[in-house]
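Have a look at the structure below, then the notes.
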There are 2 protein chains.
Amino acid sequence: MENRLRKSVAARLSRYLQVASQAAKEGMTRISSHQISLYTGVNATQVRRDLSSFGRFGKRGSGYEIEILCERIRDILGARSSRSVVIVGAGRIGEALVRSGLFAEQGIEISTVFDSDPAKIGRELGALTVRPVAELAEQVKRHGAVAGVIAVPAQAAQGVADELVRAGVGAIFNYSEALLDVPEGVSVQTLNPAVELLSALCVQTG
Amino acid sequence: MENRLRKSVAARLSRYLQVASQAAKEGMTRISSHQISLYTGVNATQVRRDLSSFGRFGKRGSGYEIEILCERIRDILGARSSRSVVIVGAGRIGEALVRSGLFAEQGIEISTVFDSDPAKIGRELGALTVRPVAELAEQVKRHGAVAGVIAVPAQAAQGVADELVRAGVGAIFNYSEALLDVPEGVSVQTLNPAVELLSALCVQTG
DNA sequence: TAGATTGTTAATCGATTAACAATC
DNA sequence: TAGATTGTTAATCGATTAACAATC
């Protein structure tokens, strides 16, 4: 229970940090709980409560100073993150993830990108080089990766999941449509743009 | 309140349908609330309650027949969906969405894909042809699109949002990192793979 | 000062969980 | 029959919302 609470708070803090970082990039210097609410969909009172539980760093009348806000949230999340993940599949989704600057912002390192297609191996993706899937276990261990992202076609997904589990990751993020079976103790989350969009569309236009 | 309840239920039903459809593709014929729970992350009791509120179509002892389950959920969602959306941006995310079969499965039509890059206009993406952004308002009206997906770089996102609003869509799904400002009455949801993954990672490994 | 927004309390609502009779 | 799973109830917990004093 204690753990569950902390996790849902951490997930929301992560969203606040993303919004605050982007707001800073767009030249804003202060942001209110109401604005954070607009951009994240999280209730404004909830935003204030989440933040105030870690100290009073808002200013009544003017909101939160973005620079301080980012720093504080990074501190709070930092204790529990600074983690490394690997991505399997250098296709559209894999590439979009690797090229996103959001991970670095939250102290999460994408340590390696794998693909099984010889044509893709060796290609540069941002700062990374696509490596052969055969190196998966070795690289996961070397970087101490805690999570693996599956961004391969559905028919290859279970095989990749098995290899990730064997390599020792505790969490899998599945961007394929496949239903993955993993041993107890390993968590799987299916997260693909179409799934997210459909759920959201049902909520919006229901 | 009534409306809010229905919407959250609709979003969950959408996830159940996605899992059931995929299970059918993988050759399964029956599925239990526990299995649906494993694959969606929604509590098994919640799954049973959501489904039983629309009638008793499970079989005690053996679970839900997938074919019947899909049919029933499609019926339930069908009443409120059968909608059309447009996608702006034929890059990695736009392409991933267009090529996903999940939309058709839920009676949602991706009616048009736009891009501003002359090199991309005219390209075939699945069954669609990439069209110039200049046609946006005309196409939104012709297809009665209720939602627009923004899958363009952050610096172009606000302009696209303005055009979507002017064209009359009520919901925007924002896959860029930009913070969008829209008039009251238009909903915006930011949904990008990196954001989703980061939130999920905080939940998993916090 | 006046206006705005935080931090916090209290009330309500929805989700989660355990439990179990009904029944396939 | 025995085993499994649904449909449903009851208890608990977290999220949402309204409200407002404190204060920048």
Side-chain angles (χ1 to χ4, degrees), chain A residues 1-16 19-20 23 28-69 72-73 76 187 189 199 202-203 206, chain B residues 1-16 19-20 23 28-69 72-73 76 187 189 199 202-203 206:
Chain A
M1 290 303 139
E2 263 306 284
N3 217 16
R4 163 68 59 73
L5 169 67
R6 281 184 203 134
K7 286 174 177 186
S8 60
V9 172
R12 289 200 299 273
L13 288 174
S14 165
R15 302 293 304 257
Y16 307 156
V19 165
M28 294 166 62
T29 57
R30 289 190 308 272
I31 193 166
S32 71
S33 59
H34 180 65
Q35 285 174 301
I36 295 177
S37 174
L38 280 179
Y39 293 133
T40 59
V42 177
N43 180 282
T45 305
Q46 180 83 327
V47 172
R48 294 202 297 279
R49 176 177 304 169
D50 284 340
L51 295 175
S52 72
S53 73
F54 294 100
R56 304 186 188 179
F57 43 101
K59 289 214 175 101
R60 292 169 201 247
S62 66
Y64 300 88
E65 279 198 39
I66 288 176
E67 205 176 327
I68 295 172
L69 182 61
R72 296 286 294 134
I73 300 181
I76 297 163
S187 84
Q189 276 197 51
S199 297
C202 285
V203 171
Chain B
M1 289 305 138
E2 263 306 283
N3 216 16
R4 163 66 62 72
L5 169 67
R6 281 183 203 135
K7 287 175 176 186
S8 60
V9 173
R12 289 199 299 274
L13 288 174
S14 165
R15 301 293 305 259
Y16 306 156
V19 165
M28 293 166 63
T29 58
R30 288 189 310 272
I31 192 166
S32 70
S33 59
H34 180 65
Q35 286 174 301
I36 296 177
S37 173
L38 279 180
Y39 293 134
T40 59
V42 177
N43 180 282
T45 304
Q46 180 84 327
V47 171
R48 294 202 297 278
R49 174 176 307 168
D50 284 340
L51 294 174
S52 71
S53 72
F54 295 98
R56 303 186 188 180
F57 43 99
K59 288 213 175 102
R60 291 170 201 247
S62 67
Y64 301 88
E65 279 198 39
I66 287 175
E67 205 177 326
I68 295 172
L69 182 61
R72 296 286 294 133
I73 300 181
I76 298 163
S187 85
Q189 276 196 53
S199 297
C202 284
V203 171

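Naming: A, B, ... by sequence-line order, numbering from 1 per chain.
Distance CD1 (B:Ile36) to P (D:dT5): 12 Å, rounded to an integer number of Å. Per the geometry, CZ belonging to B:Arg49 stands 8 Å off C1' belonging to C:dA15, to the nearest Å. A:Asn43 has its CG atom 13 Å from the C1' atom of D:dA19, to the nearest Å. Between A:Ile68 atom CD1 and D:dC24 atom C1' there is a gap of 14 Å when expressed in whole angstrom units. Per the geometry, NE2 belonging to A:His34 stands 10 Å off P belonging to C:dT6, to the nearest Å. Taking atom CG of A:Leu51 as the reference point, atom P of C:dT5 lies 15 Å away to the nearest angstrom. Rounded to whole Å, the distance from CZ on B:Phe54 to C1' on D:dG7 is 15 Å. The distance from atom CD of A:Gln46 to atom C1' of D:dA19 is 17 Å, rounded to the nearest whole Å.
Both B:Ser62 and B:Ala44 sit near DNA chain C, but only B:Ala44 has its closest nucleotide nearer the 5' end. Residues A:Arg56 and B:Tyr64 each lie close to DNA chain D; by heavy-atom proximity, the contact nearer the 5' end of the strand is made by B:Tyr64.
Below the 3.5 angstrom threshold, one finds no donor paired with an acceptor across the side chain of A:Arg60 and the base of C:dT5. Taking 3.5 Å as the limit, the base of C:dG7 and the side chain of A:Arg48 contain a donor-acceptor pair of atoms between them.
Residues A:Arg15 and A:Thr40 have side chains that never bring a donor and an acceptor to within less than 3.5 angstrom of each other.
For A:Ser32, the listed nucleotide lying nearest its side chain is C:dT5; candidates were C:dG7, C:dT9, C:dT5.
Under the Watson-Crick or G-U wobble criterion, with both distances below 3.5 Å, D:dT23 is paired with C:dA4. The base-pairing partner of D:dT17, taking Watson-Crick or G-U wobble contacts with both distances under 3.5 Å, is C:dA10.
Between the CD atom in A:Gln46 and the OG atom in A:Ser33 there is a gap of 11.5 Å [rounded to 0.5 Å]. Atom CG of B:Leu13 sits about 9.0 Å away from atom CG of B:Leu69, to the nearest 0.5 Å.
Side-chain nitrogen and oxygen atoms of B:Thr45 include none within less than 4.0 Å of the OP1 or OP2 phosphate oxygen of D:dT8. Taking side-chain N and O atoms only, B:Ser33 has a distance below 4.0 Å to OP1 or OP2 of D:dT6.
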(request) Decide side chain to side chain contact (heavy atoms under 4.5 Å, CB included) for B:Thr29 and B:Ile66; before the verdict, give the C-alpha distance in whole Å, the side-chain angles of both, and the deciding distance to 0.1 Å. (result) CA-CA 5 Å; B:Thr29 58; B:Ile66 287 175; 5.8 Å; no

(request) Report the C-alpha separation of A:Tyr16 and A:Ile31 in whole Å, then their side-chain angles, then the decisive distance to 0.1 Å, and conclude whether the side chain to side chain contact (heavy atoms under 4.5 Å, CB included) test is met. (result) CA-CA 11 Å; A:Tyr16 307 156; A:Ile31 193 166; over 6 Å; no

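Among the heavy atoms of the strands lying under 4.0 Å from A:Ser52 are primed sugar atoms or P, OP1, OP2 only; no base atom is included.
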